[in-house]
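Notes to accompany the following structure.
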2 protein chains.
Amino acid sequence: MTDLPLPIPRSADADASPAPSARDRLLRQATAMFAVKGFTAASTREICEAAGVNIASIRYYFGDKEGLYRETLLGPITEVIHAFGRFDDPELSFEEAMRMFLAPILGVASGHKDPSVQVQVMKLHLREMLEPSPAFRQVVEQTILPAYQALSGMLARHCGLRRPDDDIHQLAFALVAMANDYCQSREMMKLLAPGVLDRPRALEQVLDRLVGYAHALLDHEVGRRQRTAIATAASGRPESTPPS
Amino acid sequence: MTDLPLPIPRSADADASPAPSARDRLLRQATAMFAVKGFTAASTREICEAAGVNIASIRYYFGDKEGLYRETLLGPITEVIHAFGRFDDPELSFEEAMRMFLAPILGVASGHKDPSVQVQVMKLHLREMLEPSPAFRQVVEQTILPAYQALSGMLARHCGLRRPDDDIHQLAFALVAMANDYCQSREMMKLLAPGVLDRPRALEQVLDRLVGYAHALLDHEVGRRQRTAIATAASGRPESTPPS
DNA sequence: ACCACATAATCAAACGATTGATTGATGCCC
DNA sequence: GGGCATCAATCAATCGTTTGATTATGTGGT
């Protein structure tokens, strides 16, 4: 029950699986462990045992636990952001752009064979938003911030603005929040409304809905700004909160 | 620097502050610690030192660390859900209902003097959605599930349905996600768009926008359903995914 | 008023277990 | 034999928990 002394379970297959190295196994298991249990709760012994490697391998390959964690974070996040592509291309329609932006977050058409890995990585990042580690702040400034600026800039453009203002920022956060929630609240969603995620083409349908939501919110924001502009032009008051 | 041997710092005031007991101090500091560092990362010594109580107090008042954690979770969540009031009252308009529902989540008009406590507690619950503890699942079924059923039921009613279907559930999750995000991504929001949360009436304005978003999404969903109904009636295909 | 007793609350100290990190030796392949 | 990778074993530190004693707060009897 306690001992499973098989460090390399899969033998040399034909060609499909090139027998993942100890480093890769360690990194993969660490991703899963960190996502499920968090940084502190996931012990190095646990991770190494699941990966079938010795405890000293962490020091050997990554220096220490935080180095392993940093690698676990940095790798997939750049992958997702790269998957965005040029979603802020002015040639694209708003729906096309939002679809390009939302699809990688939901994990649609992910490169991995196992879709749960994508979800685990998203959970890791969402956990970091609650409890930012020093490693994460660095990742944010290098990768997430440019992506967010591209999003808010695109939203501003579709609202007829040259630069995003606070209302655009709020709209951007609302859109991102809707997408993130489908990685974050998955367990609760299965508990409260099992049908949404168990349908055959569940993720595609969720993506369709979210794109529709985004369009509705953009139209709402455009309309609100027009009403605000008319109101301020009529009364001369530069107030910023008309009804809804 | 190390020793602060004053277990009861504030002397007997007039009447405003009844000198919080050791149990209350412990509970308050535990809430802050758990919210900031998580369950495992927050050590019992740390919590007790911050609260100015002995380590054995945890065993004395709550049995063990998990008992303290359970109390930390259960208390404020029932408080928030009770603050919803009867938001699903059929007499209310949709905007009135959503305002009653969203305000407690954002922490508007909270009973606490310190608004950061409310945010901390929300972070605790969001963390639990990523890593549900046994204590949390019990809390979900007892308190969150009824509140969610009230929300999805109200949404279904405003869409002309007797019971919520999968599309209503997805709409409900999107609305909750938008509100949760303002507790969850606060740090990142301050980093990416500082103006949104630093305005004088920031929370009230955010609430106004979210209520507007909710209305826009509801209208979008109603329109989508009408278009779907017309399309299926015309072609006879019971498909469920028309464009946006 | 005084003592005896009981309960509640708090304390310092230590328990065993587990943590992340580190060492020096070992097998292996080119 | 010389890098490369892996191993068992152990380090000091910290973890949550527990103990037994000590102080504070009442309570009732005489």
Side-chain angles (χ1 to χ4, degrees), chain A residues 1-12 18-31 33-34 36-73 131 133-135, chain B residues 2-12 18-34 36-73 131 133-135:
Chain A
M1 183 180 177
T2 56
D3 53 333
L4 46 148
L6 47 159
I8 304 178
R10 59 171 60 205
S11 58
S21 67
R23 188 182 186 278
D24 290 338
R25 273 178 295 149
L26 182 54
L27 202 54
R28 178 185 302 265
Q29 287 296 330
T31 302
M33 289 286 184
F34 284 145
V36 173
K37 316 187 67 175
F39 177 75
T40 40
S43 71
T44 55
R45 283 175 174 80
E46 212 174 3
I47 295 173
C48 290
E49 188 175 357
V53 301
N54 190 269
I55 320 174
S57 301
I58 291 182
R59 173 180 165 85
Y60 184 77
Y61 287 112
F62 305 98
D64 58 353
K65 186 185 183 183
E66 193 168 315
L68 171 62
Y69 185 64
R70 198 190 331 271
E71 204 84 1
T72 297
L73 270 184
E131 176 190 352
S133 65
Chain B
T2 57
D3 53 333
L4 48 148
L6 47 159
I8 305 178
R10 58 174 61 204
S11 59
S21 67
R23 188 182 187 277
D24 291 338
R25 274 178 294 148
L26 182 54
L27 202 54
R28 178 186 303 263
Q29 287 296 331
T31 303
M33 289 288 183
F34 283 145
V36 174
K37 316 187 66 175
F39 177 75
T40 41
S43 71
T44 55
R45 284 174 173 82
E46 212 175 3
I47 295 173
C48 291
E49 189 175 357
V53 301
N54 191 270
I55 320 174
S57 300
I58 290 182
R59 172 179 165 85
Y60 183 77
Y61 287 110
F62 305 97
D64 57 356
K65 187 184 183 183
E66 193 167 316
L68 171 61
Y69 184 65
R70 198 190 333 269
E71 203 86 0
T72 297
L73 271 184
E131 177 192 351
S133 65

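Within every chain, numbering begins at 1; the chains are lettered A, B, ... in the order of the sequence lines, protein sequences first and strands thereafter.
Spacing between atom OH of Tyr60(A) and atom P of dA25(C) amounts to 18 Å, rounded to whole angstrom units. Between the C1' atom of dC15(D) and the CD1 atom of Ile47(B) lies a distance of 12 Å, rounded to the nearest Å. Counting to the nearest Å, the P atom of dT6(D) and the CZ atom of Phe62(A) are 11 Å from each other. Counting to the nearest Å, the P atom of dA5(D) and the CZ atom of Arg25(A) are 13 Å from each other.
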Any chance you could lay out the side chain to side chain contact (heavy atoms under 4.5 Å, CB included) test for Asn54(A) and Cys48(A), step after step, and finish with the verdict? CA-CA 6 Å; Asn54(A) 190 269; Cys48(A) 290; over 6 Å; no
Encode nucleotides 13-24 of chain C as B, S and - characters from 5' to 3', where the letter depends on protein heavy atoms closer than 4.0 Å: B to the base, S only to sugar-phosphate, - to neither. -B----BBBBB-
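Phosphate proximity of dT10(C) to Tyr61(B): present, with a side-chain N or O under 4.0 Å from OP1 or OP2.
For the pair Phe34(A) and Ile47(A), the minimum side-chain heavy-atom distance is below 4.5 Å. Annotation: side chain of Arg23(A) is in contact with side chain of Phe62(A) (closest heavy-atom distance under 4.5 Å).
The shortest non-hydrogen separation linking Ala42(A) to Glu46(A) is CA-OE1, 4.0 Å.
Checking side-chain atoms of Lys65(B) against main-chain N and O of Ile58(B) turns up no donor-acceptor pair under 3.5 Å. Between the side chain of Asp64(B) and the main chain of Gly67(B), a donor-acceptor pair closer than 3.5 Å is present.
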